[in-house]
A.B. asks: 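Can you read through this structure? Questions will come right after.
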Amino acid sequence: MNVKLSLTVNGKAVAAEVDPRTLLVQFLREHLRLTGTHVGCDTGQCGACTIHLDGRAVKSCNLLAVQAQGAEVTTIEGLAAPNGDMHPMQAAFKECHGLQCGFCTPGMVMSATALLKDNPKPTEEQIRAGLDGNFCRCTGYHNIVKAVQSCAAGS
Amino acid sequence: MYPFQYHRPANLAEATALLGKLGEGKALAGGQTLIAAMKLRLAQPSDLVDLGGIAELSGIRADGDAIVIGALTRHADVAASAEVGKRIPALARLAGSIGDRQVRAAGTLGGSIANNDPAADYPAGVLGLGATVVTSRRSIAADDFFSGLYETALEPGELIKSVSFPVPQRAGYAKFANPASRFALIGVFVCQEKSGAVRVAVTGGGNGVFRSAELEKALAASFTPAAAAAVKLSADGFSGDLHASPEYRAHLVSVMAGRAVAAALG
């Protein structure tokens, strides 16, 4: 039996009827066509599907869409300013070349923004530990950490 | 994932009533284990009773000489709690070492101990601190709660409401994390109660969390890292797999116990 779901995604109210099996990432990508959130491992390990659920960075492949009932969801598409200006973290990733193939980047950026919200001036060690739920299979961690440091220094 | 009926009760009474009448129903807390298991079709509940809408199950409060943590309190909130950090810092550190950041932002205390994964962290903290698990029906001492591999004393339809952790004199937790999964290859929680009694709980051994009488005896005599490290445990009962042999795990218990004591002594 389908379930009525209403939530806010990137500031907009969304209402839908979903099969309760629908994963949150499926709902975002396939129902709302917000394909910036990536499915990497689909087993809750790689963090490519990281989004913000009521301000907390979580893995949307390991949650049901119905668990976001009434919640505020932010995806990578919702980070930039309405006029298109990049979020400072996105700008820092661009500036520091914090990506190679780019597949993990949306999840990295979502995790990194949540990390700085909790700890605005993290040490390098805290950044590496704080991003341990996100894998970069290009192993581009060095510049990713630099991007987070640069964003923290600029804020 | 196989199909299921979804329920979202507004309070605990409704949730227990639903679970009581749904034969193959399962309670959904943070879902960090259950949803992965359902995706792999390792779990196929007929019904899911989502506890996410029950506000009364979340929160951290002081209750005399104990800290009471609601079953739906997330690991990240326990890790960041000033109250837990001040009075049972080992528990805050344990919660902050579970999985990764995103898992800690979704996973819950009640979900972890109800699942009782043999390599999970929280069972070691709950057993090591001699906590009391408060359910919808009764209070269960940690010593009676964990009954084996993924097994607990919970009966069908019984839900965890909170866990009451007595504030110890000192406590520490150390784990050797599997570098890929972050689950404990071996994790040891040591606790010196206000009475001076020592409790040592071990997770990751393979058959569920357990107390080590040998380590408790050694640490009761001398609460030092050296006393812990000097205990040599038999490998009998420890599991072996591609990550570690039984002998390696048994050896790690003493090593982690030593580190946990050092952490407890600050």
Side-chain angles (χ1 to χ4, degrees), chain A residues 1-5 17-26 39 41-71 107-108 110-119 122 126-135, chain B residues 1-10 25-26 28-55 58 72 74-77 79-80 93 96-108 111 177-183:
Chain A
M1 197 174 66
N2 282 358
V3 175
K4 283 200 169 115
L5 175 63
E17 271 203 25
V18 296
D19 182 327
R21 283 183 288 178
T22 312
L23 298 170
L24 182 54
V25 71
Q26 263 179 305
V39 178
C41 67
D42 200 22
T43 54
Q45 298 175 64
C46 80
C49 64
T50 301
I51 54 117
H52 295 174
L53 180 67
D54 288 332
R56 297 172 286 118
V58 295
K59 294 175 179 176
S60 60
C61 83
N62 209 19
L63 289 168
L64 299 172
V66 289
Q67 288 180 280
Q69 185 73 263
M108 283 286 180
M110 297 312 283
S111 271
T113 49
L115 172 67
L116 288 198
K117 194 174 64 132
D118 292 346
N119 181 2
Q126 287 169 332
I127 293 171
R128 289 185 185 274
L131 294 178
D132 72 345
N134 293 77
F135 299 167
Chain B
M1 193 185 297
Y2 290 111
F4 57 85
Q5 294 287 322
Y6 176 79
H7 311 266
R8 192 177 171 91
K26 257 195 175 305
L28 173 65
Q32 296 304 283
T33 299
L34 180 56
I35 291 176
M38 287 172 68
K39 285 167 73 176
L40 293 168
R41 297 186 170 179
L42 295 171
Q44 41 185 311
S46 63
D47 295 75
L48 267 195
V49 177
D50 185 353
L51 307 177
I54 308 178
S58 286
L72 243 59
R74 298 183 186 99
H75 310 328
D77 295 329
R93 279 201 296 274
S97 79
I98 297 171
D100 57 46
R101 197 182 154 76
Q102 292 97 316
V103 168
R104 292 193 293 275
T108 69
N178 178 314
S181 72
R182 305 287 181 205
F183 272 99

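Values reported hereafter were calculated over all heavy atoms of this structure, with side chains retained and with hydrogens, waters and symmetry mates removed. Letters A, B, ... are given to chains in the order of the sequence lines, protein chains preceding strands, and every chain is numbered from 1.
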A.B. asks: Please report the shortest heavy-atom distance between A:Asn62 and B:Ala36, naming the atom on each side.
C.D. replies: OD1-N, 3.5 Å
A.B. asks: By a 4.5 Å heavy-atom criterion (distance strictly below it), what part of B:Gln5 contacts chain A: side chain, backbone, both, or neither?
C.D. replies: side chain
A.B. asks: Does the side chain of B:Arg182 come within less than 4.5 Å of A:Asp132's, by heavy atoms?
C.D. replies: yes
A.B. asks: Please tell me whether A:Gln45 and B:Asp100 have a donor and an acceptor in their side chains that are separated by less than 3.5 angstrom.
C.D. replies: no
A.B. asks: Can you pull the salt bridge (charged side-chain N to carboxylate O under 4.0 Å, His left out) pairs that have at least one residue in residues 29-39 of chain B, sequence neighbours excluded?
C.D. replies: A:Asp42-B:Lys39
A.B. asks: Can you list everything that forms a salt bridge (Lys or Arg N to Asp or Glu O under 4.0 Å) with B:Arg93? Sequence neighbours excluded, please.
C.D. replies: none
A.B. asks: Check whether A:Ala114 gets within reach of chain B through its side chain, its backbone, both or neither, counting any heavy atom under 4.5 Å.
C.D. replies: both
A.B. asks: Checking A:Val3 against chain B: side chain, backbone, both or neither under 4.5 Å from a heavy atom?
C.D. replies: side chain
A.B. asks: I need the minimum non-hydrogen distance between B:Gln102 and A:Ser111, along with the two atoms involved.
C.D. replies: NE2-OG, 2.9 Å
A.B. asks: Which residue out of A:Asp19, A:Thr43, A:Leu63 racks up the most heavy-atom pairs below 4.5 Å with chain B?
C.D. replies: A:Leu63
A.B. asks: Given the rule in the side chain to side chain contact (heavy atoms under 4.5 Å, CB included) test, do B:Arg101 and A:Leu115 qualify, once you have shown the distances and angles that lead to the verdict?
C.D. replies: CA-CA 9 Å; B:Arg101 197 182 154 76; A:Leu115 172 67; 3.8 Å; yes
A.B. asks: Distance from A:Arg21 atom CZ to B:Tyr6 atom OH, nearest 0.5 Å?
C.D. replies: 15.5 Å
A.B. asks: Counting only non-hydrogen atoms closer than 4.5 Å, does B:Leu40 touch chain A with its backbone (N, CA, C, O), its side chain (CB onward), both, or neither?
C.D. replies: neither
A.B. asks: Can you check whether anything in residues 48-57 of chain A gets within less than 4.5 Å of chain B, heavy-atom wise, and list it by number?
C.D. replies: A:Thr50, A:Arg56, A:Ala57
A.B. asks: Can you find a heavy atom in the side chain of B:Ile35 that is under 4.5 Å from one in the side chain of A:Leu23?
C.D. replies: yes
A.B. asks: The criterion is salt bridge (Lys or Arg N to Asp or Glu O under 4.0 Å); which residues satisfy it with B:Lys26, sequence neighbours excluded?
C.D. replies: none
A.B. asks: Is there side-chain contact between A:Leu64 and B:Met38, with at least one heavy-atom pair below 4.5 Å?
C.D. replies: no
A.B. asks: Which bit of B:Leu28 comes within less than 4.5 Å of chain A, counting heavy atoms only: side chain, backbone, both or neither?
C.D. replies: side chain
